[in-house]
Amino acid sequence: MKMHIQTPPRLLELAGRSLLRDQALTMSTLEELPTELFPPLFMEAFSRRRCEALKLMVQAWPFLRLPLGSLMKRPCPETFQAVLDGLDALVTQRVRLRRWKLQVLDLQDVSENFWMVWSEVMVSGCFPNDMWNRKPVQDCPRMRGQQPFTVFIDLCLKNRTLDECLTCLFLWVKQREGLLHLCCKKLKMLGMPFHNIRNILKIVNLDCIQEVEMNCNWTLPVLAEFTPYLGQMGNLQKLDLSHVDVSHYVSPEKKKEFVTQFTSQFLKLRYLQKLYMNSVSFLEGHLDQLLSCLKTSLKILAITNCVLLESDLRHLSKCPSIGQLKTLDLTGIRLANFSLVPLQVLLEKVAGTLEYLDLDDCGIVDSQVNTILPALSRCFELTTFSFRGNPVSMATLENLLCHTIRLNNLCLELYPAPRESYDAGGTLCRSRFAQLGAELMGRVRDLREPKRILFCTDYCPRCGNRSFYDLELDQCCC
């Protein structure tokens with residue numbers, strides 16, 4: 001008979017679980033517990049909702065950080081409160097164990113699942129303590145030097161009210177003001193009323209925030225209420241603002257005041273690299289105010305589905321902060337009646353760095369395209385170019401394709417169906433589109449070997465999708 005002999009790490013794990021099962025965990029047993037047993041034992045206690053055991057284990061945690069976020073896919077308020085109760089003794093310094101190290105509670109939903117990694121190494125017997133003892137100094141300016149206990153969290157405020165766990169956390173942090181820092185790297189505001197958001201912003205350390213996404217259908221006056229908090233986010237690198245409307249009840253004088261309040265905050269954002277503005281109605285005639293307040297070179301600029309004046313485009317082409325752009329997205333900016341000379345100047349300025357260019361649905365017509373072709377043909381770093389939704393002819397498309405011959409880094413090209421694909425009423429003729437698509441694809445292959453190229457129709461009025469031609473016609477779902 002062949003006997004199965006368990007490895008020492010496995011025996012250690014079973015011994016720890018036995019302690020948990022028999023409810024024999026005490027502070028003295030935890031003091032003597034091998035360090036490598038803490039992670040698997042904590043996972044067991046957390047999954048089984050052993051609140052008293054969790055409280056003790058947090059107080060005796062032998063690592064610098066406790067990455068709780070990846071365990072909270074389905075958070076239980078009772079177990080989370082037990083963790084906070086355990087931390088309370090540390091934060092208020094009522095407990096000082098011999099090997100106490102814990103400095104950070106990490107509630108971020110990290111992609112690397114530390115707990116599963118630990119379970120795997122338990123089998124091998126190799127215990128990477130450094131994985132738990134990494135100091136997240138780079139994540140927060142508050143972590144430099146001797147600092148209070150720190151909680152890291154990414155916030156997504158998409159409901160009108162907070163869930164029970166977040167309510168517990170914010171109450172706990174607020175009641176221990178000065179004893180700890182609540183650091184949020186990524187903040188998403190997707191539906192919560194601003195008066196509730198404001199209460200949260202008063203608790204979070206704003207200078208820790210690096211990414212902000214706002215999509216709450218705010219009016220300009222509400223955005224003006226948010227602007228003082230934006231100015232305190234001194235380490236902000238990415239700002240994504242969507243759906244801000246100028247209320248009909250706002251006078252021109254008030255609008256100017258609100259816009260000035262908002263744009264002046266950019267003077268304080270000295271690390272901003274990525275700026276996205278979608279369906280923001282107050283930019284019309286005011287883009288120069290925002291651009292003049294930028295203090296850094298942007299890597300990404302996306303101004304989409306907004307109304308701009310031709311003067312706004314001129315100011316954009318002259319802005320010193322866009323000379324190092326890697327991404328330029330002007331989707332949905334109506335340029336049909338504009339001179340595209342400013343866009344030509346802009347493309348010339350960023351030709352050495354631009355990797356992604358999106359001019360979808362800009363209404364650009366045949367007579368405008370030639371203006372930008374010389375500058376476009378010198379964007380040698382370009383990997384993605386999208387030009388869908390612009391009503392141009394077969395001849396213009398052929399000319400455009402000729403000017404991309406030398407762009408060897410292009411991996412994806414998206415072009416509109418030729419205007420000849422539609423009848424006089426604007427209805428797509430699928431057989432004609434397939435024929436023209438095949439001709440264009442043949443012309444391209446005569447010039448070069450594209451990596452990925454698609455010719456796309458306008459949106460279908462019934463299903464809202466586009467048809468596209470690659471090597472054959474792919475029809476919309478209706």
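What's counted below: heavy atoms across the whole structure, side chains too, no hydrogens, waters or symmetry copies. Values in this document were obtained by computation on a predicted structure and should not be read as measured data.
Considering K55, R50, R48 in turn, K55 is the only one that fulfils the salt bridge (Lys or Arg N to Asp or Glu O under 4.0 Å) rule with E52. When the options Q261, K255, K256 are evaluated for a side-chain contact (heavy atoms from CB on, under 4.5 Å) with F258, the one that passes is Q261. Just one of D358, D361, D360, T331 meets the side-chain hydrogen bond (donor to acceptor under 3.5 Å, both in side chains) condition when paired with R388; it is D360.
Distance check: N305 CG to D329 CG gives 9.0 Å after rounding to the nearest 0.5 Å. Atoms CG and CH2, from L182 and W172 in turn, are 9.5 Å apart once rounded to the nearest 0.5 Å. The distance from atom CG of L157 to atom CG of L162, rounded to the nearest 0.5 Å, is 6.5 Å.
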| said: The test is side chain to side chain contact (heavy atoms under 4.5 Å, CB included); show your working for T353 and K299 and say whether it passes. | reply: CA-CA 9 Å; T353 59; K299 292 183 178 178; over 6 Å; no

| Worked check of side chain to side chain contact (heavy atoms under 4.5 Å, CB included) between L187 and L201 | CA-CA 10 Å; L187 173 62; L201 294 176; 3.9 Å; yes

| query | Between Y276 and K238, does a side chain to side chain contact (heavy atoms under 4.5 Å, CB included) hold up when you go through it step by step? | reply | CA-CA 8 Å; Y276 302 82; K238 174 185 174 182; 3.7 Å; yes

| query | Does the pair L346 and L328 meet the rule for a side chain to side chain contact (heavy atoms under 4.5 Å, CB included), with working shown? | reply | CA-CA 10 Å; L346 177 55; L328 176 62; 3.7 Å; yes

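A donor-acceptor pair is defined here as one N or O able to donate and one able to accept, closer than 3.5 Å; no such pair exists between the side chain of E257 and the backbone of E253. N390 places a side-chain N or O within 3.5 Å of a backbone atom of L359 that can act as its donor or acceptor partner. Put simply, the side chain of S317 never gets that close to the backbone of L343: no donor and acceptor are under 3.5 Å apart. For the pair N235 (side chain) and D207 (backbone), a donor-acceptor distance under 3.5 Å is present. A donor-acceptor pair under 3.5 Å is formed between the side chain of S281 and the backbone N or O of V246.
When all heavy atoms of K186 and D154 are compared, the pair lying nearest together is N-OD1, 3.3 Å. Here the closest non-hydrogen pair linking P416 and G389 is CB-N, 3.9 Å.
Among residues two or more places apart in sequence or in another chain, the side chain to side chain donor-acceptor pair (under 3.5 Å) test is passed with R334 by none. When the salt bridge (Lys or Arg N to Asp or Glu O under 4.0 Å) test is applied to E211, no partner is found at least two apart in sequence or on another chain. Residues that satisfy the salt bridge (Lys or Arg N to Asp or Glu O under 4.0 Å) test with D240, not counting sequence neighbours, are absent from this structure. In this structure K318 satisfies the side-chain contact (heavy atoms from CB on, under 4.5 Å) test with no other residue, sequence neighbours excluded. In this view, E213 satisfies the side chain to side chain donor-acceptor pair (under 3.5 Å) rule with no residue, not counting sequence neighbours.
Contact of the F387 side chain with the E413 side chain is not registered, since no non-hydrogen atoms from C-beta on lie closer than 4.5 Å.
Summarising the local packing, OH of Y271 is surrounded by 12 or fewer heavy atoms from other residues, nucleotides or ligands at distances under 6.0 Å. The number of heavy atoms from other shown groups lying within 6.0 Å of CD (E164) does not exceed 12. Atom CD of E177 has 12 or fewer heavy atoms from other residues, nucleotides or ligands within 6.0 Å.
Between F262 and F266, the ring planes are perpendicular. Angles over 60° get that label, and only those under 30° would be called parallel. Ring-plane geometry between W218 and F226 is classed as tilted, the angle between the planes lying from 30 to 60 degrees on a 0 to 90 degree scale.
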Report, one line per pair, each donor and acceptor closer than 3.5 Å where one atom sits in a side chain of residues 188-199; sequence neighbours left out.
unit_1	atom_1	unit_2	atom_2	d
N196	ND2	R160	O	2.8
R198	NH1	E225	OE1	2.9
N199	ND2	H195	O	3.3

